[in-house]
Number of protein chains: 2
Amino acid sequence: MPTMSSLTIGALAKRTGVKIPTIRYYESIGLLPEAPRTGSNRRTYDDKAVNRLRFIRHARELGFEVEAIRQLLAMADDPGRPCRDADLLARTHLAEIESRIARLEALRDEVRRMVDGCAQDQVRSCHVIEVLADHAHCLHDRH
Amino acid sequence: MPTMSSLTIGALAKRTGVKIPTIRYYESIGLLPEAPRTGSNRRTYDDKAVNRLRFIRHARELGFEVEAIRQLLAMADDPGRPCRDADLLARTHLAEIESRIARLEALRDEVRRMVDGCAQDQVRSCHVIEVLADHAHCLHDRH
DNA sequence: TCTCGATCCTCCAGTCTCTGGAGAATTTAG
DNA sequence: CTAAATTCTCCAGAGACTGGAGGATCGAGA
């Protein structure tokens, strides 16, 4: 049984791998809600904050911009709304995610081929550039 | 039959979707080699530059840091070396790529569920946060 | 209870990755 | 041969952090 604890910002940082100044920065730009303070003005966090922050961290690592994360979080915060105006938004994000998966799979196959080639002591030429450069893997119409 | 052309920086920008100042910036930090200049000091590019730049753009969009891209490009530039010291590097990148694919697939499934729920006019709760927050999808041991 | 090392606070300056404007030179379309 | 479009360099600004200075607070041990 976890839960029920109130975390300091340092403990939250340790639990999520996000640095303390970064946590404060996320609060300042509204990605994280303003944390409740103790009598001596220190921020306190609960398990919900841990999940939210981990989500933000992973999404950032995956290359999503803060604005996209903000939208994703807003959908998660309000599960009733997506069925109305946020539906298109969700579909757009879905297409973007699928595009990224396709490109990453192409890159993975190519890097894997490089590694395999090494295992067999073969010398192969490397096509990582061509793979990711290939426009076919890209959903955007703006280039 | 394409090829054989020498591109201006503006044409390269149009072809790749990378803005002109960004192209110059990439050159300044060494991601792109110094472009040959015309008599009047203007940069010229060939098809190889197009591919390299598209690769950089896609890799950045996928969230890879400049340093990782630099390493990937170095491997591509020198296909003989990966079999020696760069093998571990390639495997590390491979693991990172696979981790990203896994996390993106989890996110995709969840967003897809949201969209599907909308299609059926159902109200579902959204678990995108829990999905990406899940440590199981994360390869890093440093958090 | 007192103390001192760890942690927190705010404020602010710096880094990295772009992005865009100013002013001047060059190219190119009409 | 103009006039508009492009390019050049330099430099400033934006977005997303990151870290240090100076000061307050906490918490474990003497």
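Note on naming: letters A, B, ... go to the chains in the order of the sequence lines (proteins, then strands), and numbering restarts at 1 for each one.
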Within the structure, does a side-chain N or O atom of [X] lie under 4.0 Å from either OP1 or OP2 of [N]?
| X | N | result |
| --- | --- | --- |
| A/Tyr25 | D/dC17 | no |
| A/Lys19 | D/dC17 | no |
| A/Arg43 | C/dT10 | yes |
| A/Ser40 | C/dC8 | no |

Would you mind reading off the distance between [X] atom [atom1] and [N] atom [atom2], rounded to a whole angstrom?
| X | N | atom1 | atom2 | value |
| --- | --- | --- | --- | --- |
| A/Ile56 | D/dA16 | CD1 | P | 12 Å |
| A/Arg42 | D/dA24 | CZ | P | 13 Å |
| B/Ile9 | C/dT27 | CD1 | C1' | 15 Å |
| B/Ile20 | D/dT6 | CD1 | C1' | 7 Å |
| A/Glu34 | C/dT10 | CD | P | 10 Å |
| A/Arg37 | D/dT25 | CZ | P | 14 Å |
| B/Arg24 | D/dC10 | CZ | P | 11 Å |
| A/Glu27 | C/dC8 | CD | C1' | 13 Å |

Minimum heavy-atom distance between A/Arg60 and A/Tyr26, given as atom pair plus value | CG-OH, 3.8 Å
Could you tell me the separation between the CD1 atom of A/Ile97 and the CD atom of B/Glu105, rounded to the nearest 0.5 Å?
->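 So the CD1 of A/Ile97 and the CD of B/Glu105 are separated by 11.5 Å.
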Between atom CZ of B/Arg43 and atom CG of B/Leu12, what is the distance when rounded to the nearest 0.5 Å?
-> 11.0 Å
Just compare C/dT17, D/dG19, D/dA16 and give me whichever is closest to any side-chain atom of A/Pro21.
->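 Nearest listed nucleotide: D/dG19.
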Among C/dG20, C/dC18, C/dC9, the nucleotide that comes nearest once only the side chain of B/Tyr26 is considered =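 So the side chain of B/Tyr26 is nearest to C/dC18.
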Assign B/Ile29 to base, sugar-phosphate, or nothing according to its heavy-atom contacts below 4.0 angstrom with the strands shown.
-> nothing
Remember a base hit wins even if backbone is also touched, and classify A/Thr8 as base, sugar-phosphate or nothing at under 4.0 Å, heavy atoms.
->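 Result for A/Thr8 = sugar-phosphate.
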Tell me, please, whether B/Tyr45 has B/Arg52 positioned over its six-membered ring: NZ or CZ under 6.0 Å from the ring centre and within 45 degrees of its axis?
-> no
Considering residues, nucleotides and ligands other than A/Glu34, do more than 12 of their heavy atoms fall under 6.0 Å from its CD?
->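 It does not: A/Glu34 CD has 12 such atoms or fewer within range.
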If each of A/Thr38 and B/Tyr45 is mapped to the nucleotide of DNA chain D with the nearest heavy atom, which maps nearer the 5' terminus, i.e. the 5' end?
->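 It is B/Tyr45, whose closest nucleotide lies nearer the 5' terminus.
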Whichever of B/Gly39 and B/Thr22 has its nearest DNA chain C nucleotide further upstream toward 5' | B/Thr22
